[in-house]
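Take a look at the structure below.
Atoms considered below: every heavy atom in the structure, side chains included; atoms not considered: hydrogens, waters and symmetry mates. In the text below, chain A, chain B and the rest are named by the order of the sequence lines, each starting its count at 1. Keep in mind the model is a prediction, meaning the values are calculated, not measured.
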2 protein chains.
Amino acid sequence: MADVTLRDVARASGCSVATVSRVLAGTRPVGAETARTVREAAERLGYRPNHVARALRSRSTGIVGLVVPQIANPFFPSLVRELERALHAGGRAVLLADCDDDPETEAARIGELLGRRVDALLLIPADERRSREVVVDAAAQVPLVLLDRGCGPGVADSVAVDNAAGMALVLDHLAATGRRRPCFLGAAGTASAAVERRTAYEAGAAALDPTAPERTVLGDFSVEWGRAAVDRIWPSRPDAVVCANDLIAVGALQRLRQLGADVPGDVAVTGFDDIPLAGLADPALTTVCQPVAELAAEAARLLVRGPAGAAVPGPRRPVRAVRLAPELIVRASSARSS
Amino acid sequence: MADVTLRDVARASGCSVATVSRVLAGTRPVGAETARTVREAAERLGYRPNHVARALRSRSTGIVGLVVPQIANPFFPSLVRELERALHAGGRAVLLADCDDDPETEAARIGELLGRRVDALLLIPADERRSREVVVDAAAQVPLVLLDRGCGPGVADSVAVDNAAGMALVLDHLAATGRRRPCFLGAAGTASAAVERRTAYEAGAAALDPTAPERTVLGDFSVEWGRAAVDRIWPSRPDAVVCANDLIAVGALQRLRQLGADVPGDVAVTGFDDIPLAGLADPALTTVCQPVAELAAEAARLLVRGPAGAAVPGPRRPVRAVRLAPELIVRASSARSS
DNA sequence: AAATTTCCGGAGAACGTTTTCCCGAGGTAG
DNA sequence: CTACCTCGGGAAAACGTTCTCCGGAAATTT
């Protein structure tokens, strides 16, 4: 009972393997009577198609590889979940690989996935430039979409949130609620999210008040850095602390409270990403919510390239870069200063 | 260059496909000279074995299916990560499925994974009893290990933390730091973690002070319930609030602060699981840390059943249930009351 | 009525491995 | 010298699909 094959169904229904395959796959019209008999036999025997054999013959596994830098990074689980959902809706399964933030491991895992003949790759690159080489290599073999973070211009199709728009939302909100002396807690490095959010803040803050001194400090995307950064900027008494992501913001929130600052009375704090932790912080964190489901859906859509053969026409097919608009989630940490 | 097959390597090295397979798989001794030639040719052509063909022939995909109830549940990402790591160490890849806490979806996903001919299944059941039927079905077809939550006795091999031992650690700690009037914020339902932690608390509390009134309230494993539950128990002024997991504890912490209670001065709060959020709460949460890496390693170990053929000898092979000892993480929320 | 097309179904060749046979050469034992 | 292994290697059969030919019958056209 474990292994019923097409042969068995063919024998039981008194016709050929080819016919059974056709009726079950619906790949070619087949006589109504025969079809019924076949379907019945298949049902009765409990036939279940063997995806492995199918994959070998049709050269398509229906599996896409998903490589993430750190599944434990709190922003990724919801993204992974939506990706899994979106891909599954298209009949594709997800082979998961975690590369532990290491570009070399990343390269190795990509190699293995290719060996397993995934139909496509979904990749959140671990490093802006050190991931590049492997990515172009892989992209030459299968459809590949970069997610959340970029990997240099023109390397591959990519989907991400519009970081600049998100930062603009934050700055508008702060201005509208009377904040006048913001500062920015960002991340150094060349990761696209870090760069985009940083430059968007600088542009927006300058537009708001060209005469204001610019207060920006850069570290990494962590709670610890958020805490430490507060000590650097608090002496200048900003009335708003704009953070490059939620982890930094949570750290800032903790340290500000320790220092006896009133949030949001004395100072507003904002984050970015809207990880689950953001709503649970105290006070709850105003942040920019990434349209995770849409990002996933868009990525899934980009994965299907034209009808197979069209995959390798021009080596310089134009690269598509999708940017989706985020949404501002206003919570207690930026309530209007009275 | 995309598809170099054994045939190509054979042709290039002037020997037969069989020989090439043998030398590359190392499945049978082969002449030193020939081996060298073959390896050289393979290297030169950039041969990469086709896992799909291999799987078809050898009836083993090297893929294990992992079904989780909700990847976004904050306890799972770290577990998934360690599982992926442990399995990858054994040369196996992970096909991920999220069933959205729904037993029917769970059943469907398990079916698909079996259709894809996974070698084994790793399952965190969505529901203690409604998942049972599918599980026994699946377990009859491939090695299957239940993780974190049980699914009725004797259904399949399982790996989980020793909830009773964890709860005992908590109670000992509270007793040692002078807490005398604990209460318990638990979860209703039959999920094994909920039941075990609840009964362990009751047994431990009774042993501590048989005359103490028992204060236990039951809801679900959520922050919201933690907040709500505090309103129910705070009037009786416990000096310790023991929670069935970290989410409940975080909610309790928030509500207690709102009510003006001093944690840990007036009352200690403890959690369970040690999710990332626990260390970031304010005050940082004392909790029970699950040995995630060991759980994963043990699960991976259980998956390899005797040498293939031994898989279906007695229909009533004894079921193995591994329980691993947790560790108490003492943080600020239970500092000794002075 | 003959010629052409359409329709349904079967035989069998792929897909890229692994593995079972089989064969010949050389070595050892009898 | 014959008989029997061992050893290195090849031919070919699986594994379970899909898909391309092909052939015959029925339906349509000329």
Practice task
Tell whether B/Arg57 reaches the base of C/dT18 with its side chain through a donor-acceptor pair below 3.5 angstrom.
Solution key: yes
Practice task
Return no unless some side-chain N or O of B/Thr5 is found under 4.0 Å from OP1 or OP2 of C/dC15.
Solution key: no
Practice task
Quickly work out the B/Arg59 CZ to C/dT17 P distance and round it to whole Å.
Solution key: 18 Å
Completion exercise
Out of D/dG10, C/dT18, D/dG8, minimum distance to the side chain of B/Pro29 belongs to D/dG8
Practice task
Could you check how far CD of B/Glu33 sits from C1' of D/dG9, rounded to whole Å?
Solution key: 14 Å
Completion exercise
Regarding the side chain of A/Tyr47, the nearest nucleotide among C/dT17, D/dT17, C/dA11 is D/dT17
Exercise for the section: Tell me which nucleotide among C/dT17, C/dA14, D/dG10 gets nearest to the side chain of B/Leu6. Expected result: C/dT17
Fill in the blank from the handout: Of B/Gly14 and B/Ser58, the one whose closest nucleotide on DNA chain D sits nearer the 5' end is B/Gly14
Practice task
Answer yes when A/Glu84 and B/Arg109 have at least one side-chain N-carboxylate O distance shorter than 4.0 Å, and no when they do not.
Solution key: yes
Handout entry: Selected nucleotide, minimal atom distance to A/Arg28 side chain, candidates D/dG10, C/dT18, C/dC8
Key = C/dC8
Exercise for the section: Find the distance B/Asn50:CG to D/dC15:P and express it as a whole number of Å. Expected result: 19 Å
Handout entry: Nucleotide nearest B/Leu56 when distance is taken to its side chain, options C/dT18, D/dA11, D/dG16
Key = D/dG16
Fill in the blank from the handout: Taking C/dG10, D/dT17, C/dC21 as options, the one with an atom nearest any side-chain atom of B/Arg22 is C/dC21
Exercise for the section: May I ask you to say whether A/Glu40 pairs ionically with A/Arg36, meaning some side-chain N is under 4.0 Å from a carboxylate O? Expected result: yes
Problem - Under-4.0 Å side-chain N/O to phosphate OP1/OP2 contact, A/Ser16 with C/dG10 - result: yes
Problem - Salt bridge present between A/Asp3 and B/Arg59 (N-O < 4.0 angstrom) - result: yes
Completion exercise
A/Arg36 CZ to C/dC8 C1', in whole Å, measures 17 Å
Exercise for the section: Please tell me which of the listed nucleotides, C/dG10, C/dT18, D/dT17, lies nearest to the side chain of B/Ser21? Expected result: C/dT18
Exercise for the section: Return no unless some side-chain N or O of A/Thr19 is found under 4.0 Å from OP1 or OP2 of C/dG9. Expected result: no
Handout entry: Spacing of B/Asp8 atom CG relative to C/dT17 atom C1', expressed in whole Å
Key = 13 Å
Exercise for the section: Write down the distance between CZ (B/Arg54) and P (C/dC15), rounded to a whole number of angstrom. Expected result: 18 Å
Exercise for the section: Report yes or no: do A/His88 and B/Glu112 form a side-chain donor-acceptor pair below 3.5 Å? Expected result: yes
Practice task
Provide, to the nearest angstrom, the distance between the CG atom belonging to A/Asp3 and the P atom belonging to D/dC15.
Solution key: 10 Å
Exercise for the section: Round to the nearest Å and state the distance from B/Arg116 atom CZ to D/dG16 atom P. Expected result: 18 Å
Problem - Test item: side-chain donor near acceptor, A/Thr34 and A/Thr37, under 3.5 Å - result: no
